[in-house]
Structures are given as structure tokens and as C-alpha cells.
Q: 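Take a look at this one; I'll ask things after.
Note on naming: letters A, B, ... go to the chains in the order of the sequence lines (proteins, then strands), and numbering restarts at 1 for each one.
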Amino acid sequence: MSVAIGIDNVVKRYGNTTIIPGLSLDIKNGEFFTLLGPSGCGKTTLLRMIAGFNSIENGVISFDGNPINAIPANRRNIGMVFQNYAIFPHMTVRENIEYGLKLRKIPKDQIRGRVNEILALVRIGEYQDRLPERLSGGQQQRVALARAIVIHPSVLLMDEPLSNLDAKLRVEMRDVIRNVQRKVGITTVYVTHDQEEALVVSDRIAVMKQGVIQQVGKPQDIYARPTNGFVSTFIGHSNLFTAVVSGPRTVRFANGCSLEVPDLTSGSEGRNVVVAVRPEEFSVQEGAGITAKITGSTFLGKYVNYTLSFPDEVIVPGQPSIEYTQNLGNCEKLFETGQEISLRPNPLKINVLTEDMEQSLIRGVQKYV
Amino acid sequence: MSKKFSLPDFWKALTIIIILVFAVFLVYPLLSLFLSSFRDPETGGWTFDNFVKFFSRRFYYTALWNSFLVTGCVTVLTVLIGIPMAYFMTSFKIRGKTALEILIIISMMSPAFIGAYSWVLLGGRNGVITKFLSGLFGIQTPSIYGFGGILLVFTLKLYPFIYMYASGALKKIDVSLGEAAESLGCGSVRKVATIIVPLITPTILAGALLVFMNALADFGTPMLIGEGYRTMPVLIYSEFIGEVGGSANFAASMATIMVFITAIMFIGQKHFVNKKSYTMSALRPIQPKEITGLKSIFVHAFLFIIIGLSIIPQLTVIYTSFLNTNQAIFLPGFSLVSYKMIFSNLGSAIRNTYLFGLIAILLIVLLGLFIAYLSVRRRNFFTGIIDSLTMFPYIIPGSVLGITLLLAFNDEPLILSGTAFIIIISLVIRRLPYTLRSSSAILYQISPSIEEASISLGASPVKTFFRITAVMMLPGVLSGAILSWITVINELSSSVILYTAGTRTMSVAVYQEVVRASYGTAAALATILTATTVISLILFYKLTGKKEVNV
């Protein structure tokens with residue numbers, strides 16, 4: 001049966017380098033939980049600690065409150081989908097899926113039934129007698145998924161399962177994974193570096209950086225209310241402006257434009273802050289915004305993406321690009337490259353961060369501890 | 001205007017030339033062998049008598065049974081030794097691993113008959129160990145001669161093949177396969193049994209076939225250490241060379257039987273491996289783990305003892321070569337007498353070995369380069385024929401090849417017997433596969449677009465081949481050529497049939513000296529051979545930057 005996973009202050013070290021300095025996390029029973037972060041952030045390391053392939057130097061990982069630190073990988077009852085699928089090349093599709101069931105000494109007729117069921121669920125019944133080398137990447141992925149869940153594992157672990165597929169298959173397979181997970185209702189820990197993938201499939205996401213969790217939350221919350229600069233720029237795009245808290249619930253940009261931000265925490269008057277604005281959170285208002293020059297545009301059908309340049313004093317230096325997305329559903333005209341426009345951020349949506357971007361100054365947004 | 005020498009003409013001409021060469025020096029001799037096995041030695045008429053004679057007389061068919069028995073046992077033993085060795089060396093951190101691997105390769109590369117001869121020196125009737133044990137303790141050591149001795153020599157010489165094949169296969173297994181099995185609830189012993197072993201089985205079978213063929217075809221070992229234990233190559237040799245009642249036709253029929261058997265084995269293995277091999281590449285290969293305590297002691301002892309035993313022959317030979325001797329009798333102390341002897345009496349054998357070897361290698365490199373190119377880049381019906389013809393050396397034992405060449409070229413229109421040419425031909429045919437294989441392998445890695453680029457820049461296709469493709473192939477060709485070279489200079493089983501006084505090579509001379517019980521000179525010659533082998537291996541490592549040999 002599916003379990004809740006408790007991770008309590010775990011530490012991972014390789015020699016003298018600490019990969020994970022002490023991490024705690026609670027994953028609920030049946031939830032689709034994603035570990036998201038750039039490569040090298042320790043997400044796969046953490047996943048392999050849950051799986052039992054990496055040792056746990058300190059702290060406790062438990063399933064439904066029972067510590068599993070001392071249980072070897074093969075007795076943790078875990079379903080795992082590997083990045084390269086790790087399909088046994090010498091067994092047919094059916095034999096691959098049967099493998100775990102045979103080890104559990106399940107009667108033959110039951111094995112048949114369960115394998116048939118799962119073959120139908122992931123829709124690879126027609127390939128069941130093929131050897132894996134004659135399957136496409138997407139089909140191998142389905143076999144790997146079927147093999148992992150047919151054993152009714154306590155948790156399903158997936159290590160960047162879509163990274164070897166092309167873009168179109170990736171979209172198709174993430175829906176397959178999501179649907180199968182819903183139907184089976186199994187606690188799933190999913191590792192990816194692709195933020196879009198994470199937003200689509202997850203119930204909750206933990207954003208990780210250098211072995212430390214930055215934020216845990218539902219996809220929409222993480223996107224709307226990031227706790228710091230890293231999360232706001234790693235998940236989706238954020239344009240960062242320098243500003244000052246000029247009065248109660250008011251920020252003033254360097255060009256003098258002021259905005260009343262109702263969700264700003266009180267008591268930070270006079271502080272230098274960074275305001276993070278998503279490309280879709282601007283509106284064009286002559287004279288009431290910040291003036292920018294359009295340097296390029298990308299027409300994407302439903303909307304147009306403009307790259308902008310602002311005067312140096314307005315923005316945080318070193319950003320890869322400043323972008324404004326114009327929704328074509330409710331707009332009158334397109335702008336030309338070289339044109340100057342005045343953009344006003346939406347005060348209900350923007351995020352205000354401390355000057356070092358380590359903390360959010362929006363009410364109710366807490367740093368993950 | 002002169003007609004331009006264009007690519008299709010060049011390669012077509014080359015295809016025809018190569019097919020002709022193979023037809024004359026391989027197909028025609030094999031056919032003559034086959035036909036002469038159906039001829040009556042007296043009347044020359046067609047008959048089945050030779051085969052009837054073989055299968056109806058115990059004296060003959062027991063040799064076939066003996067060959068099978070000893071070869072079968074050797075194959076099983078080498079698998080039992082080679083697989084654990086490969087598993088230990090890949091999964092555990094082993095002390096002195098590099099040195100051990102080099103020793104394994106040296107013992108694989110040196111000829112089996114030197115092993116046989118030095119085990120006679122050690123454990124034979126007047127052997128060092130025999131005398132030591134009986135003199136000191138009165139212990140009667142079991143005889144080194146016969147079945148046991150052949151088994152010992154073959155096993156210690158051939159287990160490296162299994163070791164190399166198994167390690168190669170283990171290196172291709174990704175760790176995640178094992179982890180997947182574990183995550184599905186599989187324990188470590190079971191993991192080896194259900195995942196690792198099945199995955200390496202096709203490769204092991206290929207290695208086992210190689211061991212089987214080598215052991216079945218080897219002539220020197222049973223001849224030197226087998227004494228009364230007759231195997232097929234010994235029987236064929238003595239029937240063919242024998243002064244009393246020998247019959248070339250009868251020898252030919254036995255050779256036919258052997259080729260028939262090896263061909264069936266070869267085709268069977270190809271069939272199985274083609275059906276059951278998996279293309280694998282490991283992103284994360286198995287990482288060797290630290291081991292301690294009893295486990296470590298056991299693993300290290302196993303490796304050291306086996307590898308130690310297999311390198312003893314080389315050490316014995318080198319040691320013996322520096323002993324002071326007077327003819328066949330060892331005198332106390334060390335000297336260079338043996339070396340002086342061989343340089344004054346057997347200088348021609350040393351010269352022949354290097355001369356024939358170099359000519360053979362030159363031909364092998366040229367043929368390997370051309371045939372690899374033809375069969376990889378210009379696939380058609382005729383290059384397909386060449387491709388199949390190059391498989392023949394795998395199934396024709398050396399002594400059989402010697403006999404076929406001798407039978408075919410002993411008479412008009414082409415009398416070659418007794419010439420250096422016939423020996424060189426046999427060396428080329430037998431040892432071409434090493435170079436050919438590594439040449440094809442490297443060619444597969446060279447993109448055809450490189451040739452197209454050269455042609456588009458104005459080089460003619462032939463020029464492109466010599467200036468671009470051949471140059472890029474060179475590292476692969478040469479690494480194969482070194483392996484060919486090592487086996488060429490150590491070749492005995494075909495040369496011993498083809499040689500005459502003027503064309504004797506070192507390995508033949510070693511064999512003769514051993515038969516004459518002139519152990520000192522034999523050891524000195526064998527030491528020169530071993531030294532050449534080791535130097536060539538070092539060259540191979542330097543050239544390829546690899547630590548393994550693909551056999």
C-alpha cells in the first residue's frame with residue numbers, strides 16, 4: 001500500500017563534500033511530489049537515498065513513520081523508473097514486467113492478470129513479446145513505468161524519466177505518467193530539472209538549490225508567490241527591478257513611478273527592495289509606468305513576447321533578458337522594434353523581495369525551513 | 001586524353017584480385033584436401049575407405065574422442081576460472097590490478113607449446129619439482145604427461161580469453177540494471193543469476209568457442225606433454241609426416257572431419273549469438289568496490305594463484321635459458337652458453353622468424369586495409385564473398401591449413417612446397433583476422449562524409465582513400481597488426497608441417513630442440529620469442545592507449 005514519506009534532517013556526504021547539509025520534508029500519502037532544481041542541486045541524490053542506493057549519513061527517512069535507513073534497497077518495496085529506463089535487454093517486455101512479481105512469489109495466474117492489466121493501462125500490450133531493443137524510447141519508458149508500478153510499490157520514484165525523449169514525446173509521456181499515477185493513487189517522488197514539466201505534473205513541488213530546499217508548495221503558489229529571487233527566476237521568467245519602499249504598502253521605482261502593493265508586509269519603509277515582475281504582469285499605460293524601449297519581438301500566435309531595454313538604474317544588473325508578454329486576445333495593436341512604451345506592473349501580482357533577494361516581503365510568504 | 005583512373009575501376013580490380021588470391025591460396029587448397037580425402041592412397045580412385053577406416057578402428061576414433069574430452073574439459077575449466085576472475089576484477093578494488101592484467105595478457109599471447117615444454121621442465125620425469133619432492137620427501141608427484149598435463153597447460157593458457165570476453169561484457173552493463181532489479185526486490189545473489197549472467201552469456205559463449213577451437217586445433221601441447229594421449233592434430237600430423245605407413249589421403253580425411261566439426265561449432269555459435277546478443281552501452285559502468293577481511297583474502301588469493309601459475313612457464317623458460325649447459329645436460333651455475341649456441345647454430349631460424357613475420361605483416365596490413373574498406377564501404381555480392389572467405393581461418397586448425405597448402409602446391413602447376421612463400425601464405429591466412437577486425441571496427445567509426453568532403457574539395461576517390469581514409473584507419477589497423485604479429489612469430493602448428501631446413505622458424509626450432517631434449521637452447525629461443533612478444537605488447541599499449549587486448 002501507498003505510504004507517506006518522512007524525511008527528517010538527512011545529510012549526504014561524499015568524502016569531504018556535503019551534498020545535502022540537513023534536509024527535512026514530508027511527502028503525503030498518494031501525492032505526486034516533485035524535486036525540482038538545476039543539475040547538481042542534490043535532487044537525484046535525495047531520490048536515491050529514498051530508494052536505498054545512496055547511504056544516509058545522518059537523519060532519518062521513514063515510510064508511514066517507520067524508519068527505513070537500515071532496510072536494503074531490495075526490501076523497501078519501491079518502484080523506480082530510471083533516467084535511462086534500465087530495461088533488462090535480455091527479457092521481453094512481458095518478462096521485464098513479470099520480474100518483480102516472480103521475485104515476490106506471486107501465483108502464476110495472478111501474475112498473468114496483473115501484467116495484462118498494467119499492459120493495458122500503459123498501452124503496450126501489442127509489444128509484450130518483443131525484446132526491448134526493438135522498442136522506441138517512448139515505449140521503453142512505458143515498460144519501465146509498468147515494471148515499476150506492477151509490484152504495487154509503497155512509493156514510486158522517478159529520476160528524470162523524460163529527459164531522454166524528444167519534445168513531443170515528452171509532453172505525451174508526462175500526461176501518461178500523470179494519468180497512471182492518478183489511477184493507481186501511489187505516492188510518487190519525481191525528479192526533474194524542467195520547471196514546465198514540474199508545474200504540469202506535480203501536486204506539490206520542492207525547489208532545491210545546492211542541497212537546500214528553497215520552497216515547497218503547489219505549482220500555482222510557487223509560481224505566483226516565490227519565496228526568493230532564485231525561485232522567482234528559476235520557475236518561469238521574472239524581470240527584476242530595483243525599488244524603494246516609499247511608504248506603507250507602497251514601492252517606488254528608480255524612475256519615480258510609485259505602486260501601491262496591498263500584500264506588502266508592514267514595517268519595511270525606507271528599505272531598498274527588488275521587485276519581481278512576470279512578463280505577463282505588465283500593462284501598457286502611457287505616462288503611468290516605467291518607460292522601456294522594445295529591442296525585439298517574437299510572435300507566438302496567442303501572444304507576442306517582446307524583449308525590452310530599461311535605463312540601467314531601473315533594473316537589477318546582470319539579467320539574461322527583460323521580457324513583456326502581450327496577450328493578443330484583448331489587445332489592439334502590436335508594437336514595433338525600437339518603439340518606446342510605458343509599462344505599469346500589476347500591483348496585485350508582483351512580488352517584492354529583500355535587496356539580497358533571499359526573502360519575500362509579501363504577506364504570508366514564508367521561507368522554507 | 002588519358003583515361004582517368006577512377007574509383008569504381010580501382011575497387012573493382014582490387015575485389016577481383018583479392019578474390020583470386022583467396023581462390024588460389026584458400027579455396028583451391030581446401031577443395032584439394034576435401035577431394036583427396038575421398039581418394040584411395042594406392043589406386044587414386046574415388047572411395048569412402050578413408051572415413052570408414054577412421055571410424056572403424058579404435059586407434060583412430062579414440063583420438064577424436066580424446067580431443068573432444070580434453071577440449072570440453074578445458075572449455076569448462078576456463079569458463080569456471082575466467083568468469084569469477086573477470087567479476088572480481090570489475091567489481092572489487094584489487095591490489096596490483098594493472099600488473100595482473102598485463103601478466104594475464106602475456107600468458108595469453110605466448111604460445112601454448114612453450115607452456116607445455118616448461119611444465120615438462122618443472123613437473124616432468126626429470127623436472128625440478130618432481131626431483132625436489134621425491135628427493136626430499138619421497139613423494140611421488142602425479143605424472144605431468146598425458147591428459148592431466150594437456151588440461152593444465154591449456155587451461156592456464158586459455159582462461160585469459162574467457163577473462164577478457166567476460167570483463168568486456170561486464171564493462172558494458174549499466175549499474176542501473178542492477179539497481180532496477182534491486183528496487184524490484186531482488187537480492188544480490190539472485191541479481192547475478194537473473195540479470196548479470198544472462199547478459200554476459202552470449203559473450204562468454206563466443207569466448208568459449210574461441211577456447212574450444214584453440215584447444216582443439218593446438219598441435220604443440222599434446223605433442224610435447226601428451227605422450228601416449230593422442231589427439232586429432234597429433235594423429236593428423238603423424239599420419240601425414242610419418243615415415244611408416246603414413247598416408248596423405250587418410251590424413252586429409254581426418255583433416256576434413258576436423259574442419260567439418262569446427263565449422264558446425266562456428267556456425268552454431270554465430271547463429272546463437274546473433275539471436276541472443278544485446279547491444280548495450282553503460283552510461284554508468286560498474287564501479288569497483290573496496291573489500292576487506294576474509295573476502296578480500298579469498299579474492300586476492302584466487303587471482304594471485306591462478307595468474308601466478310599461468311606466468312610460471314615464462315619465468316621457467318627465461319631462468320632455464322641462462323643456465324650453464326653442455327649439450328642437453330645442465331651444469332651448475334649460469335652462463336650464456338645457450339644463447340651462443342643458438343646464434344651459431346640456429347641463427348637462420350631467428351632471421352627467418354623476423355623476415356617471414358615482417359613480410360607477412362606487410363601483406364596482412366595491406367589486405368586488412370583493403371578488405372575492411374571493401375566490406376564496410378562497398379558492400380556488394382563480391383565483397384560479401386571476400387567477407388565470408390576471411391572467416392575460414394577461424395575454422396581451419398593450423399596443422400590442417402599446413403596440410404592443405406602442402407597437398408595443393410606440391411605438384412604442377414604451382415610448386416611452392418619448401419619455399420618461404422608457402423610459409424608466409426599460411427601466416428597471412430591464419431593471422432589476417434586480427435588486423436581485419438580492428439580495421440573494420442575503426443572504419444565504422446569514421447563518417448563517410450569525411451571522404452565526401454575530400455572528394456568535393458577535388459581529391460580523386462583513390463587519392464582520398466590513401467590520403468584520408470587509410471591514414472585515419474591506421475591506428476586501428478596497426479593495433480590489430482601488432483596482435484597479428486605476435487601470433488605470427490609464435491606460430492607453430494602450420495609451420496611445423498610446411499618448414500624445410502632452410503625455412504625453419506624459431507617456434508619450429510624450439511619444438512625440435514625440445515623433442516631432442518636440448519632444453520637450454522630451446523629455452524633461449526623461447527626467451528627471445530617471449531621478449532619479442534612483451535616488447536610488441538608494450539608497443540600495442542603505447543599505440544592504442546588501452547589496457548586491454550581485443551581477441
Q: Could you report the tightest heavy-atom contact between B:L199 and A:H90, atom names first, then the distance?
A: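 Scanning both residues completely, I find the closest heavy atoms to be CD2-ND1, 3.2 Å.
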Q: When rounded to the nearest 0.5 angstrom, what distance separates CG in B:L184 from CD1 in A:I151?
A: 5.0 Å
Q: Using side-chain heavy atoms (C-beta onward) and a distance below 4.5 Å, is A:Y85 in contact with B:S176?
A: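 They are not in side-chain contact.
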Q: Are more than 12 heavy atoms, taken from residues, nucleotides or ligands other than B:Y87, located less than 6.0 Å from that residue's OH atom?
A: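 No, OH of B:Y87 has 12 or fewer neighbouring heavy atoms, counting only those of other groups under 6.0 Å.
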Q: If you count every heavy atom of other residues, nucleotides or ligands that lies below 6.0 Å from B:F298 atom CZ, does the total exceed 12?
A: no
Q: Inspect the surroundings of NZ in B:K97 and state if more than 12 heavy atoms from other residues, nucleotides or ligands are less than 6.0 Å away.
A: yes
Q: Are side-chain heavy atoms of A:Y99 and B:T194 found at a separation under 4.5 Å?
A: yes
Q: Would you find more than 12 non-hydrogen atoms of other residues, nucleotides or ligands less than 6.0 Å from B:E451 atom CD?
A: yes
Q: Under a 4.5 Å heavy-atom cut-off, does chain A meet the side chain of B:T201, its backbone, both or neither?
A: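 Neither part; nothing is under 4.5 Å.
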Q: Does any non-hydrogen side-chain atom of B:E179 lie less than 4.5 Å from one of A:R48?
A: yes
Q: So for atom CZ, which belongs to A:R123, do other residues, nucleotides or ligands contribute more than 12 heavy atoms lying within a distance under 6.0 Å?
A: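 At most 12 heavy atoms, drawn from other residues, nucleotides or ligands, come within 6.0 Å of this atom.
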Q: Please name the pair of heavy atoms, one in A:I87 and one in B:L177, separated by the smallest distance, quoted to 0.1 Å.
A: O-CD2, 3.3 Å
Q: Let me know if A:R147 has heavy atoms under 4.5 Å from chain B in its side chain, its backbone, both or neither.
A: both
Q: Out of B:S188, B:G185, B:G178, B:G187, return the one with the most heavy atom pairs under 4.5 angstrom to chain A.
A: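 Between B:S188, B:G185, B:G178, B:G187, the count favours B:G185.
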Q: Which atoms of A:L157 come close to chain B, meaning under 4.5 Å heavy atom to heavy atom: side chain ones, backbone ones, both, or neither?
A: neither
Q: Strictly distance-based, threshold 3.5 Å: is any side-chain N or O of A:N74 a donor or acceptor partner for the main-chain N or O of B:E182?
A: no
Q: Where on A:F88 is there a heavy atom nearer than 4.5 Å to chain B: the side chain, the backbone, both, or neither?
A: both
Q: Below 4.5 Å, heavy-atom pairs only: which of B:D174, B:V175, B:I195 has the largest tally toward chain A?
A: B:I195
Q: Give a yes or no on whether A:R104 atom CZ has more than 12 heavy-atom contacts from other residues, nucleotides or ligands under 6.0 Å away.
A: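 Buried by this count: over 12 neighbours within 6.0 Å.
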Q: Please look at A:A73 and chain B and tell me whether the side chain, the backbone, both or neither of the residue comes under 4.5 angstrom of a heavy atom of that chain.
A: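 Interface part for A:A73: both.
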